[in-house]
Peer 1: 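Please see the structure below; I have some questions.
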Amino acid sequence: MKGIGMMPRHGRKPMSEINVVPYIDVMLVLLVIFMVTAPMLTQGVKVDLPETTSDPIQSDKDVESIIVSVDTNGAYYVEIGDQGSDPMSLADLREQISKILSQRANSEVLVRGDEHVEYGTVVRLMAELQGAGASSIGLITEAPENDK
């Protein structure tokens, strides 16, 4: 005789398999979302880099570069990895680079200067970077197009 709270012993066995089809669907949707949004995440300042033929700089893969950009209007920007900044003055730039280099002493500093910016603007920027503690400063250029 069965009691009220008793379960029959010959009932269903517990299911030991996991249905992974919904998880695969979610993963595919996330993959498509990331593939669509990844090109939109590239930030940076629009700068027409000067073109020159030079060998690429061999950089350490473990060290994150600090990129300082100067646009055509002479505004300064700091980019670390994917993080960009708003336009800033030369004094603010020096202060920020000084703070960054005090935390990351072995970071390399690269300058992206628009080709239409006056030479003196880039030289003043490089002097401020050295004053902020940057031991070596690199310049970023683009390779010339051969179809001209």
Side-chain angles (χ1 to χ4, degrees), residues 5 7 11-148:
M7 295 286 294
R12 290 194 237 169
K13 289 200 247 174
M15 190 169 145
S16 62
E17 298 174 5
I18 297 175
N19 187 4
V20 295
V21 173
Y23 300 115
I24 293 172
D25 291 342
V26 169
M27 290 296 293
L28 289 174
V29 168
L30 289 174
L31 178 67
V32 169
I33 290 171
F34 286 126
M35 287 174 59
V36 169
T37 59
M40 291 183 230
L41 294 178
T42 56
Q43 296 179 353
V45 181
K46 176 65 177 147
V47 175
D48 292 328
L49 293 173
E51 297 178 354
T52 183
T53 55
S54 62
D55 294 331
I57 297 174
Q58 299 300 325
S59 63
D60 190 3
K61 301 286 188 234
D62 298 333
V63 178
E64 193 168 37
S65 299
I66 302 168
I67 299 175
V68 180
S69 301
V70 184
D71 66 2
T72 54
N73 301 325
Y76 302 101
Y77 301 86
V78 176
E79 300 172 32
I80 303 170
D82 293 336
Q83 297 178 348
S85 73
D86 293 329
M88 60 180 65
S89 68
L90 201 53
D92 293 339
L93 176 97
R94 180 177 180 159
E95 182 180 326
Q96 185 173 357
I97 294 295
S98 179
K99 286 179 187 176
I100 294 168
L101 290 176
S102 67
Q103 296 171 357
R104 306 175 186 182
N106 60 349
S107 293
E108 59 184 0
V109 179
L110 301 173
V111 175
R112 292 177 63 220
D114 193 283
E115 69 178 335
H116 302 293
V117 172
E118 293 181 10
Y119 180 69
T121 305
V122 176
V123 170
R124 281 189 294 277
L125 169 64
M126 293 176 72
E128 290 293 325
L129 290 173
Q130 284 181 335
S135 56
S136 65
I137 302 168
L139 296 173
I140 299 175
T141 60
E142 289 182 341
E145 296 179 16
N146 292 333
D147 58 290
K148 288 184 176 180

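Note that this is a predicted model, so its numbers are computed, not measured. Excluded from the calculations below are hydrogen atoms, water molecules and symmetry mates; all remaining heavy atoms, backbone and side chain alike, are included.
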Peer 1: So, do Ile67 and Val111 sit near enough that their side-chain heavy atoms are less than 4.5 Å apart?
Peer 2: no

Peer 1: Quick check for you: to the nearest 0.5 Å, what is the distance between Glu79 atom CD and Leu110 atom CG?
Peer 2: 10.5 Å

Peer 1: Could you go through Arg124 and Leu90, starting from their C-alpha distance and side-chain angles, then the distance that decides it, and tell me whether this counts as side chain to side chain contact (heavy atoms under 4.5 Å, CB included)?
Peer 2: CA-CA 9 Å; Arg124 281 189 294 277; Leu90 201 53; 4.2 Å; yes

Peer 1: Kindly indicate whether the side chain of Asp71, heavy atoms from C-beta on, has any atom under 4.5 Å from the side chain of Tyr77.
Peer 2: yes

Peer 1: Taking all heavy atoms of Thr72 and all of Val117, pick out the closest pair and write down the distance.
Peer 2: CA-CG2, 4.0 Å

Peer 1: Which atoms form the tightest heavy-atom contact between Arg94 and Gly131, and what is the distance?
Peer 2: NH2-O, 3.1 Å

Peer 1: Go through the structure and list residues passing side chain to side chain contact (heavy atoms under 4.5 Å, CB included) with Leu31, not counting sequence neighbours.
Peer 2: Met35

Peer 1: Using 0.5 Å steps for rounding, measure from the CG atom of Leu28 to the CD1 atom of Ile33.
Peer 2: 11.0 Å

Peer 1: Is Asn73 reaching over with its side chain to a backbone N or O of Ala75, donor-acceptor style, under 3.5 angstrom?
Peer 2: no

Peer 1: Might you point out which heavy atoms bring Leu93 and Met88 nearest each other, and give the distance in Å?
Peer 2: CA-SD, 3.5 Å

Peer 1: Which heavy atom in Ile97 sits nearest to a heavy atom in Ile66, and how many Å separate them?
Peer 2: CD1-CG2, 3.7 Å

Peer 1: Rounded to the nearest 0.5 Å, what separation is found between the CD atom of Gln130 and the CD atom of Glu128?
Peer 2: 10.5 Å

Peer 1: When rounded to the nearest 0.5 angstrom, what distance separates CG in Leu125 from OH in Tyr76?
Peer 2: 5.5 Å

Peer 1: So, Glu95 and Lys99, do they make that salt bridge, N to O below 4.0 Å?
Peer 2: yes

